[in-house]
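Report on the structure given below.
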2 protein chains.
Amino acid sequence: MDAQKLQVFVAVAEELHFGRAADRLHLAQPYLSRSVRALEAELGADLFRRTTRKVELTPAGTALLPHARALLARTDEARGAVAAARDGRSGRVRISFAGPSAHVVVGQLLARCASSTH
Amino acid sequence: MDAQKLQVFVAVAEELHFGRAADRLHLAQPYLSRSVRALEAELGADLFRRTTRKVELTPAGTALLPHARALLARTDEARGAVAAARDGRSGRVRISFAGPSAHVVVGQLLARCASSTH
DNA sequence: CTCATTTACGGTCGTCGTAAATATG
DNA sequence: CATATTTACGACGACCGTAAATGAG
């Protein structure tokens, strides 16, 4: 149940058509068929009821869809959090001072921190 | 960034020791090293600062940890939702009637549904 | 020297494409 | 018969183990 297969599932669930979903993902459509089938095997439940003329979600598929979307969104969030930390847009800040006037400024900062947290 | 690698990351982050994490996951510890390294490559950020004597989280690793736990929890939720739908513990209910008295009962049901939803 | 991580290497399985087969309306 | 899904098959890479190499204290 990796992100790739979930994206395949969501695409097919939204298009209700393996060919269009394949175009959207720039993948060959036989692969979508196998991907969905692998997901169904892994979860032990059919996700679509399909003939060559109609594709529709089963109850299990309907149940999975919102969870799949949430998982994909959360994955992006996680990526973003790591990127932010890497680029220093979050996490601990390190501050250095130099020069005679610095001691005064640091003293003021420390006083303000102490008063704001207590 | 599949569930497997996230579990490896969480285990190492919790143990701060590749060997113990490997034991916990019943995996060979060289594989953990490569798994984490692959995750780091994929995310473009180091997750641990490690020597042979000490393993500690980087800011990026610290940022990832809660997201990784959330993703694993959500994955389990998704599995559970599908299992519930498969086993009929959720989703739409189909009811059939047969016999002469059925029509009366169905009429009463429909009346109650109509009055309760409006 | 010892303990822990990493690199090297190999077998097996999953990914993903193209081409042929199958099934539905 | 036309259109859509599935199966067959093959190349490539990922997974995951064992054994050897590397590095820190």
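Side-chain atoms are counted along with the backbone in the values below, which use heavy atoms only and exclude waters and symmetry mates. Chain letters run A, B, ... following the sequence lines, proteins first and then strands; every chain starts at 1. Remember, predicted model here, so these are calculated numbers, not experimental data.
Put simply, CD on B/E56 is 13 Å from P on C/dT5, counting in whole angstrom units. Here the C1' atom of nucleotide D/dC16 and the NE2 atom of B/H26 are 16 Å apart, to the nearest Å. Atom CG of A/L6 is separated from atom P of C/dT15 by 12 Å (rounded to the nearest Å). We find that CD of B/E40 is positioned 13 Å from P of C/dT5, with the value rounded to whole Å. Put simply, CD on A/Q4 is 13 Å from P on D/dA14, counting in whole angstrom units. For the pair B/L39 CG and D/dC15 P, the computed distance is 11 Å after rounding to whole Å. In this structure, A/R20 atom CZ and D/dT3 atom P are separated by 14 Å, rounded to whole Å. Rounded to whole Å, the distance from CG on A/L32 to P on D/dT7 is 14 Å.
Checking C/dT7, D/dT6, D/dT5 against the side-chain heavy atoms of A/Q29 singles out D/dT5 as nearest. Here the side chain of A/R37 is nearest to one of C/dT7, C/dC16, D/dT6, namely D/dT6. The side chain of B/A28 has D/dG17 as its nearest neighbour among D/dG17, C/dT5, C/dT18. Residue A/V55 places its side chain closer to D/dT5 than to any other of D/dT3, D/dT5, C/dT18. Side-chain atoms of A/R50 lie closest to D/dT6 of the nucleotides D/dT6, C/dT6, D/dA2. The side chain of B/Y31 approaches D/dC15 more closely than any other nucleotide in the set D/dC15, D/dT18, C/dT5.
Partner A/F9 forms a side-chain contact (heavy atoms from CB on, under 4.5 Å) with one of A/L32, A/L72, A/L47 and no other, that one being A/L47. For the pairing with A/E40, the salt bridge (charged side-chain N to carboxylate O under 4.0 Å, His left out) check across A/R50, A/K5, A/R49 returns one residue only, A/R50.
Of the possible donor and acceptor atoms, one in the side chain of A/T58 sits under 3.5 Å from a partner among the backbone N and O of A/D46.
Residue order along DNA chain C, read from the 5' end via each residue's closest nucleotide, puts A/L27 first among A/K54 and A/L27. Residues B/A38 and A/G19 each lie close to DNA chain D; by heavy-atom proximity, the contact nearer the 5' end of the strand is made by A/G19.
Here CE of B/M1 is found 4.5 Å from OG1 of A/T75. Values are rounded to the nearest 0.5 Å.
Residue A/T52 places no side-chain N or O under 4.0 Å from the OP1 or OP2 atom of D/dT5. Remark: A/K5 is in phosphate contact with C/dT15, judged by side-chain N or O atoms under 4.0 Å from OP1 or OP2.
Under a 4.0 Å N-O distance rule, the pair B/E14/B/R69 qualifies as a salt bridge.
Side-chain N/O atoms of B/R34 and base N/O atoms of D/dG17 include a donor-acceptor pair closer than 3.5 Å.
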